[in-house]
Protein chains: 2
Amino acid sequence: MAMLAIGRLSKDSGVKIPTIRYYESIGLLPPPVRSEGNRRLYPPEAVRRLRFIRHARELGFEIDAIRRLADLAQDPEKPCCEADLLARRRLVEIEEKISRLAAQREELVRMIGDCAHGRIEECRVIDTLDDHAKCLHAKH
Amino acid sequence: MAMLAIGRLSKDSGVKIPTIRYYESIGLLPPPVRSEGNRRLYPPEAVRRLRFIRHARELGFEIDAIRRLADLAQDPEKPCCEADLLARRRLVEIEEKISRLAAQREELVRMIGDCAHGRIEECRVIDTLDDHAKCLHAKH
DNA sequence: CTTGCTTCTCCAGTGACTGGAGATTGTAGC
DNA sequence: GCTACAATCTCCAGTCACTGGAGAAGCAAG
């Protein structure tokens, strides 16, 4: 089986070279064998592992969670409740983030809409920032 | 007028003491006068300025933007188009973030819903992470 | 043999804080 | 005045997940 240089692995997986090295340094990606000239040489499976990691990152999982997910993926016999739990946890996080952002959006829209585009003195944007009591929602 | 110690300012503004010192170090908050014993002594207006900053942070503005907003707030005669622009820019950012999160949410919900809670081998969560082609949307 | 590409290691920077160590200052009670 | 104890001081390191630069070495083609 043909081994891959880091540049090739990077292209095939969509993960940048420094990031691959970073993942190795934190133990997320196992250290590969080296060539005589000290270059990293990866087995073809590394592409799959890195794609897995990338995909999980794109869904916003933290490195620690990915470590666990990736370990689980190696072990087909285990029950999948932990994977499920991690996914649900991430989902809760996402929903919290969305509602926080939605509250921010609402207030910004109101600030911008109210603004008469005159001088700072009567600017709703500055005015609202200046006095939190002028927000409809104190939730953010 | 009574000057405030940093602990008092912190309580009145809702900004933690180390954060206040940090804001000073990056030039967001002007360095206050010092007591004989080298303690920071703030004028009462500092409370308002810090609340302004906190409110803007809660709306997700970056420090650089807040610097500009806070400077504008000092100058009632200026036109408010810059404040308006900064707010609109932040709004666009928020909307982008929300749509990215919504896409993540959608995929996670699908992964979790499809999962039969059996072994990893047939786990939809792991399976989907493993093969991005199994996502409906490649958008995240 | 030279040119240019890839890779190597090490280190510093990002943003916005947060917290700890160890020293000093201020204050309240006795 | 003395003793606790609280508040504050400075400096530095850590957070998270990378990202990029410097300078050196290896490698492939012409």
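We use all heavy atoms of the structure for the numbers below, so side chains are in, but hydrogens, waters and symmetry mates are not. All chains are named by letter (A, B, ...) in the order of the sequence lines, taking the proteins before the strands, and each is independently numbered beginning at 1.
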Rounded to the Å, how far apart are [X] [atom1] and [N] [atom2]?
X	N	atom1	atom2	value
Leu9(B)	dC9(D)	CG	C1'	16 Å
Leu4(B)	dA7(D)	CG	P	15 Å
Leu29(A)	dA17(D)	CG	P	16 Å

Those residues that, when tested against [X], pass salt bridge (charged side-chain N to carboxylate O under 4.0 Å, His left out) (two or more places apart):
X	answer
Arg8(B)	Asp12(B)
Glu96(A)	none
Arg48(A)	Asp130(B)

May I have the list of side-chain donor-acceptor pairs in residues 16-33 of chain A shorter than 3.5 Å, sequence neighbours left out?
residue	atom	partner	partner atom	Å
Glu24(A)	OE1	Arg40(A)	NE	2.8
Ser25(A)	OG	Tyr22(A)	O	2.7

Validation: residues 71-80 of chain B side-chain donor-acceptor distances under 3.5 Å, sequence neighbours left out:
residue	atom	partner	partner atom	Å
Glu77(B)	OE1	Arg119(A)	NH1	2.7
Glu77(B)	OE2	Arg119(A)	NH1	3.2

At under 4.0 Å between heavy atoms, how does the protein contact nucleotides 6-24 of chain C? Give one character per nucleotide, 5' to 3', with B, S or -. BSSB------BBS-----B

